[in-house]
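Note sheet for the following structure.
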2 protein chains.
Amino acid sequence: MEPGYNDVTEHLEKHRFSGEFKGRCHTVNSVLTRIGDKWSVLTVMLLADGPCRFNELKRRIGDISQRMLTLTLRGLERDGLVSRTIYPTIPPRVEYELTDLGHSLREPVEALGKWAFDHHDRIARARAVYDQNNPET
Amino acid sequence: MEPGYNDVTEHLEKHRFSGEFKGRCHTVNSVLTRIGDKWSVLTVMLLADGPCRFNELKRRIGDISQRMLTLTLRGLERDGLVSRTIYPTIPPRVEYELTDLGHSLREPVEALGKWAFDHHDRIARARAVYDQNNPET
DNA sequence: CGGGATCCTAATAGATACTG
DNA sequence: CAGTATCTATTAGGATCCCG
């Protein structure tokens, strides 16, 4: 499992009794950390269209390395968001597909996506102002 | 701006015309990457209660280092999600507070939080199953 | 085609010490 | 109190080669 997966459960155990609110936040946080990595959300969104093979997915994402796509898919599979089906043909054919759990993630993620889209210009402006007032190192 | 902020705008520029859908995804992604870091969401959630001083925030979060809290707050401030007010008393007093933009982020984040909370047991089980079937390296 | 294994770099987190 | 500076450990991510 090489590059460290920060474990939701462990994190939960550690913080569950340190206050309901904070507990909830750490749960949110662990999920955000999980799907907030560089490729997970994009992958989930692309898989929303339907099942997809490894290399097709790779092409559609475009600038992802083979390694990261593999790791991303393994992570999503481990969390039960994506299923992996092997067709033992020659050449081999492997299809990835969103599970129900994976599909259920779309709604909140798209809500956040909408927020991002609605406000990204405002964020960009805020950054410009900030950078203006805080000269480069 | 030391530890690299992956720049929303730049990312947007690069991907805006490579398809509306993918463009949207990259936008979502950049926002997720931003707020998906280890502390941002937790910080925003705690600030939702009202203004808070640096060290009080640090205490409430508990296991954050001074450095990371500073970096997190700077990032949030730069994105216009948090305001920083200095009261030039002795000792100095600095209050952080959510801006309107920051407050508007709460809704989608809480939606995701709810999802996380509703499904984290299912995710944990999925992981257990996966790890069962995929013995440790 | 769909990866696994390996090597390498860059980004990020934490610890510690110091400062106005 | 509210940071900055510095140093180190850990992680994420890319490149490359290989294999069934």
Side-chain angles (χ1 to χ4, degrees), chain A residues 1-7 11 29-30 32-43 51-78 82-97 134-135 137, chain B residues 1-7 10-11 29-30 32-43 51-78 82-97 134-137:
Chain A
M1 200 95 298
E2 197 219 315
Y5 287 90
N6 41 8
D7 195 69
H11 220 102
N29 221 24
S30 64
L32 273 178
T33 307
R34 177 67 194 75
I35 66 170
D37 70 32
K38 203 170 174 183
W39 306 109
S40 286
V41 166
L42 185 52
T43 305
C52 194
R53 301 176 61 174
F54 185 88
N55 275 327
E56 189 189 341
L57 211 42
K58 180 156 164 19
R59 268 192 304 278
R60 287 218 279 160
I61 296 179
D63 48 359
I64 192 175
S65 69
Q66 203 170 50
R67 173 184 152 81
M68 287 319 296
L69 183 54
T70 301
L71 286 174
T72 301
L73 287 169
R74 289 291 172 278
L76 293 172
E77 191 193 352
R78 188 166 103 104
V82 160
S83 68
R84 177 168 180 270
T85 314
I86 307 173
Y87 301 93
T89 56
I90 297 183
R93 174 189 181 84
V94 179
E95 279 199 342
Y96 295 91
E97 187 173 12
N134 299 272
T137 58
Chain B
M1 199 94 298
E2 196 219 317
Y5 288 91
N6 42 8
D7 195 70
E10 182 197 326
H11 220 101
N29 220 25
S30 64
L32 273 178
T33 307
R34 176 66 194 74
I35 66 169
D37 69 33
K38 205 170 174 183
W39 305 109
S40 287
V41 166
L42 185 52
T43 305
C52 194
R53 301 176 61 174
F54 185 88
N55 275 327
E56 190 189 340
L57 211 42
K58 180 159 166 18
R59 269 192 304 278
R60 288 217 279 160
I61 297 179
D63 48 359
I64 192 173
S65 68
Q66 205 170 45
R67 171 185 150 81
M68 286 319 296
L69 182 53
T70 301
L71 285 174
T72 301
L73 288 169
R74 291 290 174 280
L76 294 172
E77 192 194 352
R78 188 167 104 105
V82 161
S83 68
R84 177 169 178 269
T85 314
I86 307 173
Y87 301 93
T89 57
I90 296 181
R93 173 189 181 83
V94 179
E95 280 199 343
Y96 293 91
E97 186 173 12
N134 299 274
E136 303 298 315
T137 53

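Basis for what follows: all heavy atoms, side chains included, without hydrogens, waters or symmetry-related copies.
Across the protein-nucleic acid pair, A:E77 atom CD and C:dG3 atom P stand 9 Å apart, rounded to whole Å. Atom pair B:Y87:OH and D:dG3:C1' shows a separation of 18 Å (rounding to whole Å applied). To the nearest angstrom, C1' of C:dA15 lies 14 Å from CG of B:L71. Rounded to whole angstrom, the span from the CZ atom of A:R67 across to the C1' atom of C:dT9 amounts to 12 Å. Going from atom CG of B:D37 over to atom C1' of D:dT11 covers 15 Å, rounded to whole Å. The distance between atom CG of A:L73 and atom P of D:dG13, rounded to the nearest whole Å, is 14 Å. Rounded to a whole Å, the CD1 atom of A:I35 is 18 Å from the C1' atom of D:dA12. One can place CD1 of B:I64 at 14 Å from C1' of D:dG3, the figure rounded to the nearest angstrom.
A close approach under 4.0 Å does not occur between any side-chain nitrogen or oxygen of A:R84 and OP1 or OP2 of C:dG2. Here B:K38 reaches the OP1 or OP2 of C:dG14: one of its side-chain N or O atoms lies under 4.0 Å away.
Going from atom CD of B:E77 over to atom CG of A:N134 covers 7.0 Å, rounded to the nearest 0.5 Å.
For the pair B:T72 and B:T70, the minimum side-chain heavy-atom distance is 4.5 Å or more. Side-chain atoms of A:L69 and A:L71, non-hydrogen and from C-beta on, never get closer than 4.5 Å to each other. No side-chain heavy atom of A:W39 sits under 4.5 Å from any side-chain heavy atom of A:L73.
Of the candidates A:L42, A:T43, A:D37, A:D37 is the only one forming a side chain to side chain contact (heavy atoms under 4.5 Å, CB included) with A:S40.
If you check C:dG2, D:dG14, D:dA2 against the side chain of B:V94, the one that comes closest is D:dA2. Ranking C:dG4, D:dC1, C:dA17 by closeness to the B:Q66 side chain, first place goes to C:dA17. Distances from the side chain of B:T70 to the nucleotides C:dA13, D:dT4, C:dC1 place D:dT4 closest. Of the candidates D:dG3, C:dG2, C:dG14, the closest approach to any side-chain atom of B:R74 belongs to D:dG3. Taking the side chain of A:R53 as heavy atoms from C-beta on, and the options C:dC1, C:dG4, C:dG14, the nearest nucleotide is C:dC1. In the set D:dA2, C:dG2, C:dC7, D:dA2 carries the atom at the smallest distance from any side-chain atom of B:F54.
Counting any heavy atom pair closer than 4.0 Å across all strands shown, A:Y96 reaches sugar-phosphate atoms only and no base atom.
The residue among B:E56 and A:M68 whose nearest nucleotide of DNA chain D lies closer to the 5′ end is B:E56.
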